[in-house]
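Because only heavy atoms are used, hydrogens play no part in the values below, and waters and symmetry mates are left out as well, while side chains stay in.
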Amino acid sequence: MTGEVSLYGIYIPSLLLMALLALMLSRGLSWLLARAGFYRLVWHPALFDLAMFIVVLGALCRFLTL
């Protein structure tokens, strides 16, 4: 996998694209967890959301760079 992706001559780091995808996925997962009432069990929702974003980003980096 290359380090950049060319979009109409503009080079964008692939990590940035994966981070945007991870942000969308973690927001959707956060919405689902909020609808299920999971956040009542979480001590600090903002820290949980940050940790969930990092886990999703790590998983994307691991599986998209194979």
Side-chain angles (χ1 to χ4, degrees):
M1 181 172 184
T2 62
E4 298 97 22
V5 176
S6 177
L7 265 150
Y8 301 107
I10 299 171
Y11 290 103
I12 300 173
S14 57
L15 183 61
L16 176 64
L17 295 177
M18 284 189 263
L20 291 174
L21 181 60
L23 181 64
M24 290 187 292
L25 288 173
S26 63
R27 288 288 181 175
L29 189 57
S30 175
W31 181 79
L32 286 174
L33 291 173
R35 296 278 296 167
F38 179 76
Y39 281 106
R40 287 182 286 132
L41 305 173
V42 175
W43 171 69
H44 201 293
L47 286 178
F48 180 81
D49 285 340
L50 177 64
M52 184 171 55
F53 169 74
I54 291 171
V55 168
V56 170
L57 180 60
L60 282 177
C61 289
R62 171 72 174 115
F63 293 117
L64 291 180
T65 59
L66 286 176

Query - Spatial distance of atom CG (Asp49) from atom NE2 (His44) [nearest 0.5 Å] - result: 10.5 Å
Query raised in the report: Are Met24 and Trp31 co-members of a hydrophobic cluster defined by side-chain heavy atoms under 4.5 Å apart?
Result: no
**Report entry** Heavy-atom pair of closest approach, residues Leu15 and Cys61
**Finding:** CD1-SG, 3.7 Å
Report summary line: Heavy-atom nearest pair, Phe53 first then Ser26, reads CD1-OG, 3.8 Å
Requested in this report: Any chance you could measure Ser30, atom OG, to Leu23, atom CG, to the nearest 0.5 Å?
Outcome: 10.5 Å
Query raised in the report: In Å, rounded to the nearest 0.5 Å, how long is the span from CG of Leu21 to OG of Ser14?
Result: 12.0 Å
Query raised in the report: Is there a path from Leu29 to Val55 through hydrophobic residues (I, L, V, M, F, W, Y) whose side chains come within less than 4.5 Å of each other?
Result: no
Report summary line: Heavy-atom closest pair (Met52 atom, Leu33 atom, distance to 0.1 Å) is SD-CD1, 4.0 Å
Query raised in the report: Say you draw a straight line from CG of Leu17 to CG of Leu64; how long is it, rounded to the nearest 0.5 Å?
Result: 10.5 Å
Report task. For the residue pair Tyr39 and Phe48, categorise the inter-ring angle as parallel (less than 30°), tilted (30 to 60°) or perpendicular (more than 60°). Result -> perpendicular
Query raised in the report: Under 4.5 Å between side-chain heavy atoms, hopping through other hydrophobics if needed: is there a path connecting Ile54 to Leu47?
Result: no
Query raised in the report: To the nearest 0.5 Å, how far apart are CG in Leu25 and CG in Leu20?
Result: 11.0 Å
Report task. Check Ser6 against Gly9 and note the closest heavy-atom contact, atom names and distance. Result -> OG-N, 3.6 Å
Query - Over 12 foreign heavy atoms within 6.0 Å of OH, Tyr11 - result: no
